[in-house]
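Data block below; observations after.
Just so you know, these numbers use all the heavy atoms, side chains as well, and skip hydrogens, waters and symmetry mates.
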Amino acid sequence: MIILDQPPPLYIFLPTHQHNHSFFISSKPLSGLANLLLLSLSLNLCIIFTNPQEIMLSAKVTCNSHGQDSSYFLGWEEYEKNPYDEVKNPNGIIQMGLAENQLSFDLLESWLENNPQPAAFKKHNDQSIFKELALFQDYHGLPAFKNALVNFMSEIRGNTVSFDPNSLVLTAGATSANETLMFCLANPGDAFLLPTPYYPGFDRDLKWRTGAEIVPIHCSSINGFRITKSALEESYKQAEKQNLKVKGVLVTNPSNPLGTSLSLHELDLLVNFISLKNIHLISDEIYSGTVFSSPCFTSIMEVLKNRNLMNTEISKRVHIVYSLSKDLGLPGFRIGAIYSNDELVVSAATKMSSFGLVSSQTQYLLSEILSDKKFTKTYLSENRRRLKERHEMMVKGLQKCGIRCLQSNAGLFCWVDMRDLLSSNTFEGEIELWKKIVYEVGLNISPGSSCHCSEPGWFRVCFANMSEETLVLAMQRVKSFVDSMVKKSIQSLHQQLLSRNSRRSKSLPKWVFELSFHQREVAADER
């Protein structure tokens, strides 16, 4: 093997059939690179161009499997360089790529004003518990918080199902929960099937550190991107063709980025499928409290209950991920959870949670908030009303621009159909349009290709992370952009017609012009 520490990194692997040859060449400038390559061919060597520092680092550090180069994250980077501000930077980029719920902060702040003791780490009798919270806590979590959280999860689901706090594992957000489940359920190289389009961050959360693989379940706009039996089977076959062992299916319900809740038919399909294949099902339900219109949300736990599958082997292979980042709008608090009926999974995940704990102070504060049933009832109802209102505002604003959205009933975003604006029906055309929207229009939105959508021209556009005034401005920018595109298209078409008529005129015989001239003379005499 020859190791060349000259940039740029380049890897050439050649089979070695005879003895292993190993050489080290220093960092002095190389000459005769072509001769060196020919020499390597004759000796069956492996040539590696690398950076000297990389030799000292792990493969995890030097690989590029994090997914940070996705257009989903690149849009964020452009926004951070030029963020919109009503006063300081009115022409900046408006962030519409962040699924954050900022519509109901006033409700939380009002609760804190009326209940100052928890935020000051005091009990209702004003006795301080700061020392108690500041000292060491094990990774099982505060019982009061776990009880309050499972009760809140039941309330969101209309109390149709109940959750056992002993089956709950606390994690530092849903990102940590999903990765922990991957570590528990899959070995490096094993695969999970995910319906497309899916949340771009899953490429990082599920794969980067675990070594697991994702195989897409391709869904189509023909049926509103619904999961079908044939799509599930085809995805499973594709995994087998790649020699991947399928360990499960992961779905988001409601869907990110579609903003739709899974139908009972789809949920039944999934349960039947994992039962037949003897694999796991992860239901990421972090948007369950954002369902603002019919059909109502149905949890996978409700399906198991109604089919009398609770406390069966199938139920042990069904796991739920939850978080307060979306429903309560608290992503910065890093509150996530895994719910599983498998005691081994709960035990292992609890041990792994020590690498990403939720602070005792956070648990205490949230246990007080969630235990106030009058508040949680009011919050969930009002938050849904505000989400519905904002969603309708977005949809109507885009309709005025001639742009349609997938019909949805949940989430903090719309799945927007911009296929008519593409210069070509390709993913290259999609990225071209996306760049125009980011740099010319000044909106950061997420292209469908970053969500692994199989059809170009779809975009995820968020609406709950900004003020109403900012959303109005965003819609005005879209309207101006579409109007300018229509104007350019009309001008281009007009030029094409003129050019075509000009070419046609030049190609006509001389007698046609003479006849035309004669006809005009006759017409003049008749007048």
### Query
If you take all heavy atoms of S235 and L193, which pair is closest and at what distance?
OG-CD2, 3.4 Å
### Summary
Heavy atoms of G411 and F292 approach each other most closely as O-CE2, 3.9 Å
### Query
So, R157 side chain and M153 main chain: donor-acceptor pair closer than 3.5 Å or not?
yes
### Task
Of all the heavy-atom pairs spanning L108 and F375, show the shortest one and how long it is.
CD2-CZ, 3.7 Å
### Task
Look at the side chain of S323 and the backbone N and O of G336, then say whether any donor-acceptor pair between them is shorter than 3.5 Å.
no
### Query
Side chains of S353 and T350: donor-acceptor distance under 3.5 Å anywhere?
no
### Query
Is the number of heavy atoms from other residues, nucleotides or ligands within 6.0 Å of CD (Q407) greater than 12?
no
### Query
Is there a side chain to side chain contact (heavy atoms under 4.5 Å, CB included) between D284 and I320 once you walk through the steps?
CA-CA 6 Å; D284 185 328; I320 291 178; over 6 Å; no
### Query
Does atom OH of Y364 have more than 12 heavy-atom neighbours from other groups under 6.0 Å away?
yes
### Message
To the nearest 0.5 Å, what is the distance between CG on L270 and CG on L232?
### Response
6.0 Å
### Task
Decide if atom CZ of F105 counts as having more than 12 heavy atoms of other residues, nucleotides or ligands within a radius under 6.0 Å.
yes
### Task
Indicate the atoms forming the closest heavy-atom contact of H124 with Q117, along with that distance.
O-NE2, 4.1 Å
#### Entry: Separation between NZ of K245 and CD1 of I279, rounded to the nearest 0.5 Å
11.5 Å
### Task
Please answer whether the main-chain N or O of F463 pairs with a side-chain N or O of R390 as donor and acceptor at a distance below 3.5 Å.
yes
### S359 and T362: side chain donor to acceptor below 3.5 Å
yes
#### Entry: L471 side chain reached by M96 side chain, heavy atoms, under 4.5 Å
yes
### Message
Quick one about S261 and N409 (side-chain donor to acceptor, distance below 3.5 Å, no hydrogens or angles considered), yes or no?
### Response
yes
### Query
Is there a donor-acceptor pair closer than 3.5 Å between any side-chain N or O of S340 and the backbone N or O of D342?
yes
### Message
Just to verify, which of P197, S255, S221, C405 counts as forming a side-chain contact (heavy atoms from CB on, under 4.5 Å) with W415?
### Response
P197
### Query
Does K373 NZ have over 12 foreign heavy atoms under 6.0 Å away?
yes
### Query
Can a donor-acceptor pair be found between the side chains of H452 and D203 at a distance below 3.5 Å?
yes
### Message
To the closest 0.5 Å, what do you measure between SG (C453) and OH (Y198)?
### Response
12.0 Å
### T171 OG1 to L181 CG distance, which is reported to the nearest 0.5 Å
9.0 Å
### Message
Rounded at 0.5 Å granularity, tell me how far CD in E266 sits from CD1 in I227.
### Response
5.0 Å
### Flag for N272-R307: side-chain donor and acceptor within less than 3.5 Å
yes
## Note on the structure
Closest non-hydrogen contact found for P195 with C219 is CB-SG, 4.0 Å
### Residue that, paired with T298, satisfies side-chain contact (heavy atoms from CB on, under 4.5 Å) out of L267, T160, L262
L267
### Message
Pairing donors with acceptors under 3.5 angstrom, does anything connect the side chains of N465 and Q102?
### Response
no
### Single hit among E392, Q399, M393 for side-chain contact (heavy atoms from CB on, under 4.5 Å) with V395
Q399
#### Entry: R404, CZ atom: more than 12 neighbouring heavy atoms under 6.0 Å
no
### Query
Do you see a donor-acceptor pair shorter than 3.5 Å between the side chains of T376 and E155?
yes
### Task
Might you point out which heavy atoms bring I286 and A174 nearest each other, and give the distance in Å?
CG2-CB, 3.8 Å
### Query
With distance as the sole test, does E285 use its side chain to make a donor-acceptor pair with the main-chain N or O of N253 at under 3.5 Å?
no
### Query
How many angstroms lie between CG in N82 and CD in E80, if you round to the nearest 0.5 Å?
11.5 Å
### Side chain proximity check, D417 to I403, heavy atoms < 4.5 angstrom
no
### Message
Checking H218 against E455: is there a side-chain donor and acceptor pair closer than 3.5 Å?
### Response
no
### Message
Please confirm whether the ring centroid of Y287 lies under 6.0 Å from the ring centroid of F413.
### Response
yes
#### Entry: Electrostatic pair D372:K377 at N-O distance under 4.0 angstrom
no
### Message
Looking at E368 and P118, would you say the former's side chain and the latter's main chain have a donor-acceptor pair under 3.5 Å?
### Response
no
### Query
Is there a donor-acceptor contact under 3.5 Å from the side chain of K146 to the main chain of H140?
yes
### Query
Below 4.0 angstrom, N of the basic side chain to O of the carboxylate: do K305 and E302 qualify?
no
### Message
Is the distance from the ring center of F163 to that of Y339 below 6.0 Å?
### Response
yes
### Query
If you count the non-hydrogen atoms of other residues, nucleotides and ligands that lie under 6.0 Å from NZ in K277, is the total more than 12?
yes
### Query
Counting only N and O atoms by type, is there a donor-acceptor contact under 3.5 Å from the side chain of E213 to the main-chain atoms of G189?
no
### Task
Quick one: sort the W458 and F225 rings into parallel, tilted or perpendicular, breaks at 30° and 60°.
perpendicular
### Message
Within the supplied structure, the quantity of interest is the number of heavy atoms (other residues, nucleotides, ligands) at a distance under 6.0 Å from E343 CD; does it exceed 12?
### Response
no
#### Entry: Crowding at CZ, R226 (>12 non-hydrogen neighbours, <6.0 Å)
yes
### Message
Between S315 and N311 (side chain of the first, backbone of the second, donor and acceptor by atom type, cut-off under 3.5 Å), is there such a pair?
### Response
yes
### Message
Quick check against the 3.5 Å criterion: does S154 have a side-chain atom that pairs as donor or acceptor with the backbone of V161?
### Response
yes
### Query
Regarding N278 and R317, is there a side-chain donor-to-acceptor distance under 3.5 Å anywhere?
yes
